[in-house]
**Student:** 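Mind looking over this structure? Questions follow.
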Amino acid sequence: MADQNCNSSSIMESKPLHPLHHIAETPTHRLLLKQWLKEEELILNRIALKETQIDSVRKEITQIYCLFFLFHSTALVLLFSAASRGPQAESCDRSWIPSLCSLLCSLGMIWAIRYKTDVEGHLEKLLAREREDGQLLGKCVEELKKKGVEFDLLKEVDALRRAKSLRVEAKAIWKWSARDFVTLFFFSVSCLVLGLTRVILCN
């Protein structure tokens, strides 16, 4: 019986401890793990916030799209009904008034669309950066949990800081993007509406 107890105690002593157990006994590694886990949680919260902001901006862009077409369709219908009742020469002479209002409203909504799409692009870049930071930090946390006290604090922490500091966004060469095509499309529709306004009031 005594031999069995000795054998079991020797087995327990020879069994290697989990790296997390070593981390718990080492103040520096334990503090670093807590700090990284807290930072990882903050990054996840920022990612969720950025995703919510992007969804909100996209809804606003959709609302401006709908408002653009609703405004112009309603304006054309009203102009057509007004032109059919009033004298043609008088309507044609005053056609610059609705044309100017249509142009100003169109430019205002096009500017709003462009501004909101630029905000969306900026938020998407920030979201991608946060996700990249989360991936880098997640790898370091996994390495720390895997290696335990064998984790080289100076080397790994310096590598993490260097990876963040050296992350420089490449200067993108300007080229046509989806946002540019959207702006061009709405500008073309605005010009078409101006032409239709002239045709309705003068013909």
Side-chain angles (χ1 to χ4, degrees), residues 18-20 23-24 28-74 104-148 151-193:
H18 194 274
L20 290 177
I23 293 174
T28 53
H29 287 74
R30 184 174 68 249
L31 181 62
L32 181 63
L33 180 60
K34 286 183 179 180
Q35 181 181 353
W36 278 354
L37 290 175
K38 185 177 181 180
E39 186 177 351
E40 198 172 21
E41 184 179 357
L42 291 175
I43 290 176
L44 291 176
N45 292 334
R46 289 198 296 268
I47 288 175
L49 178 61
K50 291 291 184 299
E51 290 176 344
T52 303
Q53 291 174 341
I54 290 175
D55 291 338
S56 178
V57 170
R58 286 174 179 170
K59 289 179 181 178
E60 293 175 358
I61 293 173
T62 304
Q63 291 174 357
I64 299 174
Y65 288 168
C66 296
L67 181 62
F68 181 90
F69 289 107
L70 180 63
F71 168 77
H72 285 299
S73 59
T74 305
L104 292 177
C105 292
S106 298
L107 292 178
M109 283 186 277
I110 290 173
W111 176 86
I113 291 171
R114 184 67 189 192
Y115 173 75
K116 289 296 181 179
T117 52
D118 288 342
V119 170
E120 180 190 8
H122 178 66
L123 290 174
E124 287 176 347
K125 289 181 181 179
L126 293 178
L127 178 61
R129 187 179 302 174
E130 293 289 352
R131 284 176 174 168
E132 186 177 348
D133 288 343
Q135 291 176 355
L136 289 173
L137 189 60
K139 290 179 181 178
C140 291
V141 170
E142 290 300 322
E143 287 294 321
L144 177 58
K145 290 180 179 180
K146 187 187 301 183
K147 294 181 180 179
F151 186 82
D152 192 340
L153 293 179
L154 295 176
K155 180 181 177 182
E156 299 294 341
V157 173
D158 183 65
L160 177 62
R161 290 176 180 173
R162 191 165 57 251
K164 289 184 177 181
S165 61
L166 293 179
R167 184 187 54 199
V168 178
E169 295 183 1
K171 292 183 178 180
I173 301 175
W174 185 86
K175 58 182 180 180
W176 284 93
S177 64
R179 296 180 180 88
D180 297 320
F181 283 111
V182 169
T183 304
L184 182 61
F185 169 76
F186 280 99
F187 182 76
S188 301
V189 172
S190 301
C191 294
L192 178 62
V193 170

**Student:** Between Phe68 and Val193, is any pair of side-chain heavy atoms under 4.5 Å apart?
**Tutor:** no
**Student:** Measuring from Leu127:CG to Gln53:CD, what's the distance to the nearest 0.5 Å?
**Tutor:** 10.0 Å
**Student:** Sort out for me which residue in Arg129, Arg131, Arg179 forms a salt bridge (Lys or Arg N to Asp or Glu O under 4.0 Å) with Glu124.
**Tutor:** Arg179
**Student:** Could you state the interatomic distance from CD (Gln35) to CG (Leu137), rounded to the nearest 0.5 Å?
**Tutor:** 9.5 Å
**Student:** Kindly compute the distance separating CZ (Phe71) from OG (Ser106), expressed to the nearest 0.5 Å.
**Tutor:** 6.5 Å
**Student:** Would you compute the distance between atom CD of Glu130 and atom CD of Glu132 and round it to the nearest 0.5 angstrom?
**Tutor:** 10.5 Å
**Student:** Calculate, to the nearest 0.5 Å, the distance between atoms NE2 and OG belonging to His72 and Ser190 respectively.
**Tutor:** 4.5 Å
**Student:** Please name all residues satisfying side chain to side chain contact (heavy atoms under 4.5 Å, CB included) with Gln135, sequence neighbours left out, ordered by chain then number.
**Tutor:** none
**Student:** Working to the nearest 0.5 Å, report the span between NZ of Lys116 and CZ of Arg114.
**Tutor:** 15.0 Å
**Student:** Closest approach of Val189 and Phe69, non-hydrogen atoms and distance?
**Tutor:** CG1-CE2, 4.4 Å
**Student:** Consider side-chain contact (heavy atoms from CB on, under 4.5 Å). Of Leu37, Ile43, Asn45, which one does Glu41 pass it with?
**Tutor:** Asn45
**Student:** Is there a side-chain contact between Ile110 and Thr183 (heavy atoms, below 4.5 Å)?
**Tutor:** yes
**Student:** With a sphere of 6.0 Å drawn around OH of Tyr115, does it hold more than 12 non-hydrogen atoms of other residues, nucleotides or ligands?
**Tutor:** no
**Student:** Using the side-chain contact (heavy atoms from CB on, under 4.5 Å) definition, which of the options Asp118, Val119, Leu126 pairs with His122?
**Tutor:** Leu126
